[in-house]
2 protein chains.
Amino acid sequence: MAGSDLYTGSLELLILKALSWGPRHGYAVGRWIRDTTEEVLRIQEGALYPALHRLQRNGMLREEWGVSETGREVKNYQLTAAGCCRLRAETARWHQYRTVMETALGATGG
Amino acid sequence: MAGSDLYTGSLELLILKALSWGPRHGYAVGRWIRDTTEEVLRIQEGALYPALHRLQRNGMLREEWGVSETGREVKNYQLTAAGCCRLRAETARWHQYRTVMETALGATGG
DNA sequence: GGCAATACCTTGTTGAATGAGGTATTACTG
DNA sequence: CAGTAATACCTCATTCAACAAGGTATTGCC
């Protein structure tokens, strides 16, 4: 592991969350994650783009070409209804996971 | 995913933590995780034993045969100095990860 | 002109976890 | 006493997310 590695399975949640305020293009999703985590999580492009394609293939995202603020052609991703649903489910899963991990790490024997 | 799936990479931390109060045998490690997480995390034996062997191979654990309370021969695992160190590091990593995830999930746009 | 940042992509490889199989012993229950 | 569950260990094949490292092209800056 290389220090800032992901816990495998948590990237999907981050991507869905990044898109929860409206469409964003892939690169911006990566930037959002990097920025909101203050550089702690830097998503490799080799993880980011395949994940986006996967989510789209599974009907969680819809893609449409658009133009960025800088005038460049970009592929914008948008949550579908199923994507919203998945975001809620994954968020709940994270919270539950976090809770039991805290319990385990806070345990004093047993 | 099957509901109680692990975020890949977090099992190691759970195992190290399970052994932080003294030697335990493999099966007991799995039981401890299942119990302290109230059945939320049920570690597959196909994940548990290879993980123990891996940790041992990397010098995090020392193994020695012993006898359980029930009189059965068991393989007890014990943290090495390096294992204690790793436990601290992995715990810190988890806390940092948790913090940035909470920040991201609690973000209100951006 | 050159370099960084933006914006997209693919391919090969790794390796943790899943799923399913196996052995053997101990303890309970009808 | 047969059958089953729990204990306690193991391995193997498979999967698939992430890593690492490569690529293209455009925009903006010094």
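- Annotation: salt bridge (charged side-chain N to carboxylate O under 4.0 Å, His left out) contacts of A:Arg72 (sequence neighbours excluded): none.
- Applying the ring-ring contact (aromatic ring centres under 6.0 Å, His included) test to A:Trp94 and every residue at least two apart in sequence or in another chain returns B:Tyr7, B:Trp94.
- At a non-hydrogen distance threshold of 4.0 Å, A:His25 from residues 13-25 of chain A come into contact with DNA chain C.
- The salt bridge (charged side-chain N to carboxylate O under 4.0 Å, His left out) check on A:Glu63 picks up A:Lys75, with sequence neighbours excluded.
- A search for side chain to side chain donor-acceptor pair (under 3.5 Å) contacts involving B:Ser10 returns A:Tyr97, not counting sequence neighbours.
- Proximity of a side-chain donor or acceptor of B:Arg93 to a complementary backbone N or O of A:Asp5 within less than 3.5 Å is detected.
- Taking 4.5 Å as the limit, some side-chain heavy atom of A:Leu13 sits within range of a side-chain heavy atom of A:Leu87.
- A search for side-chain contact (heavy atoms from CB on, under 4.5 Å) contacts involving A:Val29 returns A:Ile15, A:Ala18, A:Leu19, A:Arg24, A:Ile33, A:Leu48, not counting sequence neighbours.
- Rounded to an integer number of Å, the gap from A:Leu11 CG to D:dC19 P is 8 Å.
- Distances shown here put every side-chain N or O of B:Tyr49 at or beyond 4.0 Å from the OP1 or OP2 atom of D:dC10.
- Here the side chains of B:Tyr49 and B:Gln44 are not in contact, with every heavy-atom distance at 4.5 Å or above.
- Annotation: of the two residues near DNA chain D, A:Pro50 and B:Gly46, the 5′-most nearest-nucleotide partner is B:Gly46.
- Heavy-atom distances under 4.0 Å link DNA chain D to B:His53, B:Ser68 of residues 53-69 of chain B, given in residue order.
- Residue pairs meeting the salt bridge (Lys or Arg N to Asp or Glu O under 4.0 Å) criterion with at least one partner in residues 94-110 of chain B, sequence neighbours excluded, are A:Arg98-B:Glu102, A:Glu102-B:Arg98.
- For A:Gln44 and C:dG12, the CD to C1' distance is 15 Å, given to the nearest whole Å.
- The distance between atom OH of B:Tyr7 and atom P of C:dA17, rounded to the nearest whole Å, is 14 Å.
- In this structure A:Arg62 satisfies the side-chain contact (heavy atoms from CB on, under 4.5 Å) test together with A:Gln78, A:Thr80, sequence neighbours excluded.
- If you take CZ of A:Arg42 and C1' of D:dC19, they are 15 Å apart, rounded to a whole angstrom.
- With sequence neighbours excluded, the residues that form a side chain to side chain donor-acceptor pair (under 3.5 Å) with B:Thr70 are B:Ser68.
- Atom CD in A:Glu73 sits about 13 Å away from atom P in C:dC9, given to the nearest Å.
- Residue-level contact check: A:Ile43 touches neither bases nor backbone, having no heavy atom under 4.0 Å from any strand.
- The A:Lys75 side chain lies nearest to C:dC8 when the options are C:dT18, C:dC8, D:dA18.
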Report summary line: Scoring nucleotides 23-30 of chain D by protein non-hydrogen atoms under 4.0 Å (B base, S sugar-phosphate only, - none) yields --BBS---

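- Summarising the geometry, atom OG1 belonging to B:Thr36 is positioned 10.5 Å from atom NZ belonging to B:Lys17; distances are rounded to the nearest 0.5 Å.
- Here the CZ-CG distance, from B:Arg86 to B:Leu79, works out to 11.5 Å after rounding to the nearest 0.5 Å.
- Computed from coordinates, the B:Leu52 CG to C:dA16 P distance equals 13 Å when rounded to whole Å.
- Of all the residues in residues 26-36 of chain B, B:Gly26, B:Tyr27, B:Arg31 reach under 4.0 Å from DNA chain D with at least one non-hydrogen atom.
- The shortest side-chain heavy-atom distance between B:Trp65 and B:His25 does not fall under the 4.5 Å cut-off.
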